[in-house]
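First the structure, in the form of structure tokens, and then the observations on it.
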Amino acid sequence: MQQLVLKIPFGDKPMSDLGLVILLFTQLALCFLFGILKLKTTISKEKIRIRFFPFVTKTIPWDKVEQAEIVKYRFVGYGIRIFTSYGTVYNINGNKGMAITLNNNKKLLIGTQKPHELEDVVHSILK
């Protein structure tokens with residue numbers, strides 16, 4: 001504001017006006033992105049559907065699942081993490097999720113805010 005509106009340079013080595021505008025819009029875009037990020041997991045008797053909006057939609061049939069269990073993990077925060085001991089991790093918040101091992105030995109972890117409900121559903125399907 002100081003530099004763009006009042007025309008008073010900000011700091012000893014001020015950034016160009018264009019640089020400030022680009023920085024502002026980049027920060028606004030990141031705030032918007034974090035505002036719309038959603039992780040929705042839908043589980044039915046046939047499949048697990050992961051929707052990490054706006055990036056990933058993945059469907060996993062139960063017949064391709066070797067093992068599924070609820071685990072507590074150490075990393076927290078938003079995002080998709082790859083190359084972890086759990087394989088690909090889809091997480092929004094918290095430190096609990098469903099660790100899945102597929103028949104082809106690929107792994108993934110889906111974070112959840114409802115670990116007890118998820119565990120009940122998984123046990124009822126995998127019986």
Side-chain angles (χ1 to χ4, degrees):
M1 170 119 172
Q2 175 181 321
Q3 183 167 321
L4 294 175
V5 176
L6 301 176
K7 302 294 182 197
I8 301 170
F10 183 75
D12 295 337
K13 297 180 182 178
M15 184 183 288
S16 70
D17 289 351
L18 177 61
L20 285 174
V21 170
I22 291 171
L23 180 65
L24 172 68
F25 281 108
T26 301
Q27 289 176 338
L28 290 174
L30 285 173
C31 289
F32 177 74
L33 177 64
F34 281 115
I36 65 168
L37 273 178
K38 289 184 182 176
L39 176 62
K40 183 175 182 181
T41 306
T42 307
I43 299 177
S44 68
K45 291 185 187 265
E46 296 82 33
K47 63 188 174 193
I48 304 166
R49 184 171 187 263
I50 305 162
R51 180 124 198 258
F52 193 74
F53 183 81
F55 300 112
V56 175
T57 299
K58 183 180 263 278
T59 301
I60 304 164
W62 278 108
D63 61 357
K64 294 192 179 195
V65 174
E66 180 79 25
Q67 181 181 9
E69 64 180 325
I70 306 305
V71 296
K72 185 174 183 179
Y73 47 88
R74 292 189 308 220
F75 44 82
V76 294
Y78 285 67
I80 299 171
R81 291 180 174 81
I82 55 175
F83 307 119
T84 71
S85 61
Y86 294 106
T88 303
V89 176
Y90 303 94
N91 193 44
I92 291 289
N93 191 14
N95 63 351
K96 293 183 181 151
M98 179 170 56
I100 299 171
T101 304
L102 302 176
N103 294 340
N104 61 6
N105 288 326
K106 288 189 178 182
K107 295 180 179 182
L108 62 114
L109 186 135
I110 308 162
T112 185
Q113 296 298 304
K114 301 176 182 180
H116 300 295
E117 291 177 31
L118 185 58
E119 188 167 29
D120 293 342
V121 170
V122 169
H123 284 297
S124 70
I125 292 173
L126 291 179
K127 282 185 179 181

*So how far is it from Glu46 CD to Ile125 CD1, rounded to the nearest 0.5 Å?*
8.5 Å
*Out of curiosity, Lys58 NZ to Leu108 CG, how far, rounded to the nearest 0.5 Å?*
6.5 Å
Going by atom type alone, with no hydrogens or angles, which donor-acceptor pairs under 3.5 Å involve a side-chain atom of residues 17-26 and a protein atom two or more places apart or on another chain?
from: Asp17; atom 1: OD1; to: Gln3; atom 2: NE2; distance (Å): 3.0
from: Thr26; atom 1: OG1; to: Ile22; atom 2: O; distance (Å): 2.8

_For Gln2, all residues meeting side-chain contact (heavy atoms from CB on, under 4.5 Å), sequence neighbours excluded_ = Ile8, Phe10
*Apply the test side chain to side chain contact (heavy atoms under 4.5 Å, CB included) to residues Tyr73 and Asn91: give CA-CA distance (whole Å), side-chain angles for both, the deciding distance (0.1 Å), then the verdict.*
CA-CA 11 Å; Tyr73 47 88; Asn91 193 44; 2.7 Å; yes
*How long is the gap from CG on Asn95 to OG1 on Thr112, to the nearest 0.5 Å?*
11.5 Å
*Do Phe55 and Leu30 share a hydrophobic cluster (ILVMFWY, side-chain heavy atoms under 4.5 Å, transitive)?*
no
*Mind checking what makes side chain to side chain donor-acceptor pair (under 3.5 Å) contact with Arg49, not counting sequence neighbours?*
none
*Hey, what do you get for OG1 (Thr41) to CD (Gln113), rounding to the nearest 0.5 Å?*
11.0 Å
_Distance in Å, Ile50 CD1 paired with Ile80 CD1, rounded so as to fall on 0.5 Å steps_ = 10.0 Å
*Name all residues meeting the side-chain contact (heavy atoms from CB on, under 4.5 Å) criterion together with Gln67; count only those two or more places apart in sequence or in a different chain, and write none if there are none.*
Glu69, Thr101
*Mind checking what makes side-chain contact (heavy atoms from CB on, under 4.5 Å) contact with Val65, not counting sequence neighbours?*
Ile48, Ile60, Trp62, Ala68, Ile100, Leu102
*asked:* Rounded at 0.5 Å granularity, tell me how far OG1 in Thr59 sits from CZ in Arg51.
replied: 10.5 Å
*Which residues satisfy the side-chain contact (heavy atoms from CB on, under 4.5 Å) test with Phe34, sequence neighbours excluded?*
Leu37, Tyr78
*Which heavy-atom pair separates Gly97 from Leu109 by the least distance, and what is that distance?*
CA-CD2, 4.5 Å
